[in-house]
Amino acid sequence: MRLSRFFLPILKENPKEAEIVSHRLMLRAGMIRQEAAGIYAWLPLGFRVLKKIEQIVREEQDRSGAIEVLMPTLQLADLWRESGRYDAYGPEMLRIADRHKRELLYGPTNEEMITEIFRAYVKSYKNLPLNLYHIQWKFRDEQRPRFGVMRGREFLMKDAYSFDLNEAAARVAYNKMFVAYLRTFARMGLKAIPMRAETGPIGGDLSHEFIVLAETGESGVFINRDVLDLPVPGEDVDYESDLTPIIKQWTSVYAATEDVHDAARFEQEVPVDKRVNTRGIEVGQIFYFGTKYSEPMKALVAGPDGVDVPIHGGSYGVGVSRLLGAIIEACHDDAGIKWPEAVAPFRVSILNLKQGDAAVDAACEKLYAELTAKGVDVLYDDTDQRAGAKFAAADLIGIPWQIMIGPKGLADGKVEIKRRSDGARETMSPADAVARLVG
RNA sequence: CGGAGCGUGGCGCAGCCCGGUUAGCGCACUAGUCUGGGAGACUAGGGGUCGGAGGUUCAAAUCCUCUCGCUCCGACCA
């Protein structure tokens, strides 16, 4: 992509409404545009990152055996009356009427709808286990949206729903999601720690929140430092095997949000030098809720003995749009964003340091063509700004690799590459740069 | 939902208390010149009617009323 042909409205100054760094950087880097309180338009740079994150979430859900569907954003109120949540949910739910005065709502979550779909088709234990997920926009009319996409009213969420014959089977499903989440967040360059959590309005008796440590987070957390060094299961993890050893390893080290924090246990179990009390951003939550929805909504399957029983369910959410903010909170410096490669909007940026200089232009074009031909996502800064402005913009938008091409280096046949994450620079020939940055 | 505050060119702000020339500054934008390795300089330009409605007044960005939107602190949530 040529920057001169791209749409990247960078702001030089800090927008006054943005208090926390991720919100500020997303606005300055031209990633999002606020349209209303807690409602954002995704501009090209932000949209690219959103898609990358979404894809990682999708791949790990698929790997774990979950199956993707897509449910609508609007739901019938009557469906929610079946579960009793239409009245229970309160003003956070956006209620709408259509032209026939039929009551609708913009879905804040999808337990009811997925249960309705499930019960329409599945009648036998032989079709279990089943885990269906979708990645869809949600709306929760927060009393106080803030922090940009971290606490928006409209947000993109991956929500999965598992269906099993009994509690033991449901816990197997729960464990699969637990492991999938460990992998999902690790792939994005995050350390997300599973913490025992309250179950909230969705209900149930087993739940973990996955929390990224950050000073600006909304949740207070208490952890044993050791949890930061636990190994994340690899790509080859066998989801059909018994995953309980992994779960045990992760849940036996103390980690809890302040809501469920047990000070006595914390002090008893965790040595003083390993106690950490900090804040974090919740990026995912998993629940086992048993028959909470299947009983009132009559989602029954016949067991081996021919008797109909309500299925045991769980739900598993990942805040996809929130993750943008969480990643930036974790990966930035004074100059701007430092995208982990897995979610970066582009892998490489080429900075033409003297636009209009025939030799420099030619070298840039050649490198741009070669990298593009080899499948590397490149943003080529071919604007006629001065070098300093290009450096600043490149650092701000945080593309992992910068290739700087100017008359000085080119006189020796060299270009400079800079790694955004640590600022490391190297000078090399264009051919070596290509070899270095492919793959 | 309690408390505080803000809406003035695309962005950041001044002006408002103490109404009174053509509403000002920085950035951005347009044209040009000189430049060219960390947000370059100069010259010349364009763009706002002050969130909206109503009122007071000879006169309103400025005072009053209502209204809409947004932000921050707190209690609540992927």
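Below, read A as the first sequence line, B as the second, and so on, with proteins coming before strands; counting in each chain starts at 1.
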Notebook entry, point to check: Is any side-chain heavy atom of A:Lys338 less than 4.5 Å from a side-chain heavy atom of A:Asp333?
Noted result: yes

Check: Are A:Arg58 and A:Gln61 linked by a side-chain donor-acceptor pair shorter than 3.5 Å?
Finding: no

Notebook entry, point to check: A:Glu13 CD to B:G10 P: how many Å, rounded?
Noted result: 15 Å

Notebook entry, point to check: What is the distance from CE of A:Met195 to C1' of B:A78, rounded to the nearest Å?
Noted result: 16 Å

Item checked: Under 3.5 Å side-chain donor-acceptor pair for A:Arg85 and A:Tyr293 -> yes

Checklist line | Same-atom distance (C1') from B:G2 to B:A28, integer angstrom | finding: 40 Å

Notebook entry, point to check: Considering only the C1' atoms, how many Å lie between B:G47 and B:G37, rounded to the nearest integer?
Noted result: 34 Å

Notebook entry, point to check: Rounded to the nearest Å, what distance is computed from the NZ atom of residue A:Lys16 to the P atom of nucleotide B:U71?
Noted result: 11 Å

Margin query: Checking A:Gln285 against A:Ser207: is there a side-chain donor and acceptor pair closer than 3.5 Å?
Written below: yes

Notebook entry, point to check: If the sugar-phosphate is the primed atoms plus P, OP1 and OP2 and the base is the rest, what is the B/S/- string for nucleotides 29-41 of chain B, using protein heavy atoms under 4.0 Å?
Noted result: ------BBBBBB-

Notebook entry, point to check: Between B:A78, B:U71, B:C72, which one does the side chain of A:Arg140 approach most closely?
Noted result: B:A78

Next item on the list: Take atom P in B:U71 and the same atom in B:U65, then report the distance between them in whole Å.
Entry: 25 Å

Next item on the list: Name all pairs fulfilling the ring-ring contact (aromatic ring centres under 6.0 Å, His included) condition that reach into residues 411-432 of chain A, sequence neighbours left out, sorted by first residue then second.
Entry: none

Check: Side chains of A:Ser83 and A:Glu112: donor-acceptor distance under 3.5 Å anywhere?
Finding: yes

Margin query: Quick one, A:Ile397 and A:Leu8 - any side-chain contact, counting heavy atoms below 4.5 Å?
Written below: yes

Item checked: Distance between C1' atoms of B:G52 and B:C70 (Å, rounded) -> 15 Å

Notebook entry, point to check: Over how many whole Å does the gap from A:Met157 atom CE to B:C77 atom C1' extend?
Noted result: 12 Å

Check: Does a side chain donor of either A:Tyr254 or A:His261 reach within less than 3.5 Å of an acceptor in the other side chain?
Finding: yes

Next item on the list: Measure from CZ on A:Arg146 to C1' on B:A78 and round the result to the nearest Å.
Entry: 15 Å

Check: For B:C25, which nucleotide is its Watson-Crick or G-U wobble mate, given both distances must be under 3.5 Å?
Finding: B:G12

Notebook entry, point to check: On RNA chain B, nearest-nucleotide positions of A:Arg153 versus A:Val320: which is more 5'?
Noted result: A:Arg153

Notebook entry, point to check: Within the pair A:Gln143 and B:C1, is there a side-chain N or O less than 4.0 Å away from OP1 or OP2?
Noted result: no

Next item on the list: Look at all strands and tell whether A:Glu17 reaches a base, only sugar-phosphate, or nothing, counting heavy atoms closer than 4.0 Å.
Entry: sugar-phosphate

Check: Distance only, no hydrogens: is a donor on one side chain within 3.5 Å (strictly under) of an acceptor on the other, for A:Glu329 and A:Ser22?
Finding: yes

Checklist line | B:A78 and B:G38, which share atom name C1', separated by this distance in whole Å | finding: 40 Å

Item checked: side chain to side chain contact (heavy atoms under 4.5 Å, CB included) between A:Val237 and A:Arg183, intermediate numbers included -> CA-CA 10 Å; A:Val237 61; A:Arg183 285 193 42 75; 4.0 Å; yes

Checklist line | A:Phe147 and A:His23 aromatic centres sub-6.0 Å | finding: no

Notebook entry, point to check: For residues 35-59 of chain A, which residues have at least one heavy atom under 4.0 Å from RNA chain B?
Noted result: A:Ala36, A:Ala37

Note to self: Just the rounded figure in Å: distance from P of B:C72 to CZ of A:Phe147.
What the structure shows: 7 Å

Next item on the list: Among residues two or more places apart or on two chains, list those pairs meeting side-chain hydrogen bond (donor to acceptor under 3.5 Å, both in side chains) that have a residue in residues 358-370 of chain A.
Entry: A:Arg2-A:Glu365, A:Asn352-A:Asp361, A:Lys366-A:Glu370

Check: Judged by modelled atom types alone, do A:Glu111 and A:Ser315 share a side-chain donor-acceptor pair under 3.5 Å?
Finding: yes

Check: Between A:Phe210 and A:Phe178, does the ring centre distance come in under 6.0 Å?
Finding: yes

Notebook entry, point to check: Which base, if any, makes a Watson-Crick or G-U wobble pair with B:C6, both distances under 3.5 Å?
Noted result: B:G69

Notebook entry, point to check: Say you pick atom C1' in B:G46 and the same atom in B:C27; how far apart are they, in whole Å?
Noted result: 16 Å

Note to self: Quick check: A:Trp137 with A:Phe155 (ring centres under 6.0 Å apart)?
What the structure shows: no

Notebook entry, point to check: Between the base of B:C77 and the side chain of A:Arg151, is there any donor-acceptor pair under 3.5 Å?
Noted result: yes

Item checked: B:G12 to B:U57 separation - P atoms, rounded to the nearest Å -> 37 Å

Notebook entry, point to check: Partner of B:C42 by Watson-Crick or G-U wobble geometry, both contacts under 3.5 Å, or none?
Noted result: B:G32

Note to self: Without decimals, in angstroms, what is the distance between A:Ile20 CD1 and B:C72 C1'?
What the structure shows: 13 Å

Note to self: Under 6.0 Å between ring centres: does that hold for A:Tyr174 and A:Tyr288?
What the structure shows: no

Check: Which of residues 356-371 of chain A sit near RNA chain B, with a heavy atom under 4.0 Å from it?
Finding: none

Next item on the list: Please report, rounded to the nearest Å, how far the P atom of B:C77 is from the CZ atom of A:Phe155.
Entry: 13 Å

Next item on the list: Take atom C1' in B:U49 and the same atom in B:A23, then report the distance between them in whole Å.
Entry: 8 Å

Check: Which one is paired to B:C58, where only Watson-Crick or G-U wobble pairs with both distances under 3.5 angstrom count?
Finding: B:G20

Check: Looking across every strand, which nucleic acid part, if any, lies under 4.0 Å from A:Gly152 by heavy atom: base, sugar-phosphate, or nothing?
Finding: base

Between N or O atoms, less than 3.5 Å apart, protein on one side and nucleotides 42-44 of chain B on the other: list the pairs.
none

